[in-house]
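To start, the structure under review is shown below, and the notes come after it.
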Amino acid sequence: MAKFLTSREENYSQWYNDLVIKADLAENSAVRGCMVIKPYGYAIWEKIQAELDRLFKATGHVNAYFPLFIPKSFFSREAAHVEGFAKECAVVTHYRLKNDESGKGIVIDPEAKLEEELVIRPTSETIIWNSYKNWIQSYRDLPILINQWANVVRWEMRTRLFLRTAEFLWQEGHTAHATAGEAIEEARRMIDLYAGFAENSMALPVYKGSKTESERFAGAIDTMAIEALMQDGKALQAGTSHFLGQNFAKAFDVKFTDQDGKLDYVWATSWGVSTRLMGALIMAHSDNNGLILPPKLAPLQVVIIPIYKTGSDLEKISEYAEKIKTDLGKAGLSVKYDTRDTQTPGWKFADYELKGVPVRIAIGPRDIANNTVEISRRDTLEKSTIPFTGIKEHVTELLEKIQVNIYNKALAFRNQNTHYCNTWKEFKEIINGKGGFVMAHWDGTAETEARIKEETKATIRCIPFDSVPEEGKCIYSGKPSSRRVLFAVAY
RNA sequence: CGGGGUGUAGCGCAGCCCGGUUAGCGCAUCUGGUUUGGGACCAGAGGGUCGCAGGUUCGAAUCCUGCCACCCCGACCA
């Protein structure tokens with residue numbers, strides 16, 4: 001089985017690449033570092049989008065859209081911001097092409113040089129706060145709770161499908177508030193929302209916490225993140241939410257008059273998740289047979305496959321199958337009845353396993369005779385034969401069970417691979433060995449953090465919100481520490 | 001951007017070192033037939049600017065130079 005995929009044990013990153021390609025999720029394009037998201041992959045992204053969009057709206061946010069291009073000068077207004085992004089910006093310098101004089105091909109028209117270059121957004125804080133300046137005068141104009149679904153470009157050196165591409169799709173929330181407290185609350189609300197989404201919809205357990213200063217978003221006061229563990233023991237940052245203080249308000253001169261008539265700068269947050277979530281989803285659950293998708297995000301939840309020898313067999317099976325399809329459809333499930341006679345049942349079984357369809361129903365003459373169906377779950381590959389009556393209830397329950405089981409499995413793995421280390425030796429053994437998360441004491445200095453990174457590649461993923469105060473000694477420097485932080489080698 | 005590797009049919013590869021008929025093989029595709037409860041079988045067919053540009057040579061997939069792309073490992077990052 002699974003001779004079409006490189007196995008996880010053999011080469012985890014090759015397995016991931018194979019899976020993305022063979023499950024027809026995405027492929028590389030003619031443009032370096034940019035991917036084509038194929039229909040099946042995009043369907044999963046649409047499910048992710050739909051649920052997140054619902055959650056954003058349920059917490060009072062609205063969608064808007066800002067330009068792809070940002071005047072170069074906007075970036076220099078916030079010092080830390082420009083420093084963080086300058087190295088990976090694509091820049092538009094001209095607005096016209098013309099035929100080459102020599103008659104061969106087309107060239108940039110040197111006369112069509114832009115007076116001010118435009119940066120293709122790597123993130124939209126600057127262009128958005130430039131607009132907010134005009135929208136905000138009084139506390140009555142606040143808060144502004146806006147989200148944008150967009151593409152952004154970050155000219156990365158090394159790219160990998162979904163995990164790191166030069167162009168990616170994401171959503172970015174940009175909110176404006178009258179008080180620091182309100183903004184902090186908002187930033188925290190959104191990281192909680194992301195964590196809830198990861199756990200409930202993606203079946204992906206995450207650690208929540210704040211980044212250290214060196215890992216913080218360029219221009220933020222506090223960056224909060226959710227961190228997930230992949231099957232190879234590496235961590236993946238799955239979402240971030242930033243408390244931006246008054247940095248962008250100051251950079252773009254966004255002031256408002258409060259209830260006491262005093263003028264103050266506006267407080268900001270921004271938060272986002274990207275198509276990288278697709279990578280997390282793929283890597284966290286899948287196996288050597290292919291994708292394993294949580295039912296809540298599977299574009300196709302149930303597939304029905306007929307097994308027949310003759311045309312009259314197929315007729316009977318189809319009648320039976322169509323009933324099931326209609327029935328399950330009424331229960332709100334997405335069901336496909338695959339009647340293609342160009343592929344054999346065995347081929348279809350393998351293909352839908354590769355694509356991670358959670359539940360498969362096979363119907364053959366045997367089932368017609370016995371009034372049964374064969375039902376198979378993708379997460380455990382278990383098969384059973386069940387009676388035709390009550391199939392709707394059975395499938396609905398099974399999908400819920402699968403959702404829970406996938407989560408529990410990922411949680412167990414995450415917990416088994418979260419180690420509490422007290423010595424440097426032990427720390428290195430785990431990080432260099434099996435990997436995983438390490439909860440360890442840290443003296444709070446950027447120097448120690450950098451040294452640890454240099455020696456082991458491990459970084460502080462976050463200072464977990466729920467880490468309990470505890471007296472200890474930094475594993476590296478031996479200096480006193482009051483709480484453990486979360487280390488891992490990250491993607 | 002540094003180190004290593006690879007570019008030959010849609011995909012995966014052999015051929016290259018040691019230049020010489022019509023560039024092979026597996027998978028996939030197409031046609032016909034038999035099949036169909038875990039990636040079916042037989043027969044036949046189609047498909048190639050040998051990554052690109054120069055050079056050496058009577059002759060280049062093969063040798064030389066330059067470039068480009070991709071993969072792996074580092075630094076950077078969601």
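Naming convention: chains lettered A, B, ... in sequence-line order (proteins, then strands); numbering from 1 in each chain. Keep in mind that what you see is a predicted model, and the values were worked out from it rather than measured.
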Side-chain donor or acceptor of A/Gln231 paired with backbone N/O of A/Met283 under 3.5 Å: yes

Within 6.0 Å of CD in A/Glu213, more than 12 heavy atoms from elsewhere: no

Sugar-phosphate, base or nothing in reach of A/Thr342, heavy atoms under 4.0 Å: nothing

What does the list of N/O pairs under 3.5 Å between the protein and nucleotides 71-76 of chain B look like, with a distance for each?
from: B/C72; atom 1: OP1; to: A/Asn17; atom 2: ND2; distance (Å): 3.2
from: B/C73; atom 1: OP2; to: A/Arg158; atom 2: NH2; distance (Å): 2.8
from: B/G74; atom 1: OP1; to: A/Lys457; atom 2: NZ; distance (Å): 2.8
from: B/G74; atom 1: N7; to: A/Arg158; atom 2: NH1; distance (Å): 3.3

Side-chain heavy-atom pair A/Arg154, A/Phe85 within 4.5 angstrom cut-off: yes

Check: A/Phe56 ring centroid to A/Trp271 ring centroid under 6.0 Å: yes

Sugar-phosphate, base or nothing in reach of A/Leu163, heavy atoms under 4.0 Å: base

Aromatic plane relationship, A/Tyr320 with A/Phe388 - under 30° parallel, 30 to 60° tilted, over 60° perpendicular: tilted

Side-chain donor/acceptor of A/Gln343 to base of B/G39, under 3.5 Å: no

Phosphate contact (B/G39 OP1 or OP2) by A/Thr344 side-chain N/O below 4.0 Å: no

Geometric class of the A/Trp170/A/Phe168 ring pair [parallel <30°, tilted 30-60°, perpendicular >60°]: perpendicular

Pairing partner of B/U62 (Watson-Crick or G-U wobble, both distances under 3.5 Å): none

Any residue of residues 305-314 of chain A with a heavy atom less than 4.0 Å from an atom of RNA chain B: A/Ile307, A/Tyr308, A/Lys309

Centroid-centroid under 6.0 Å between A/His81 and A/Trp129 rings: no

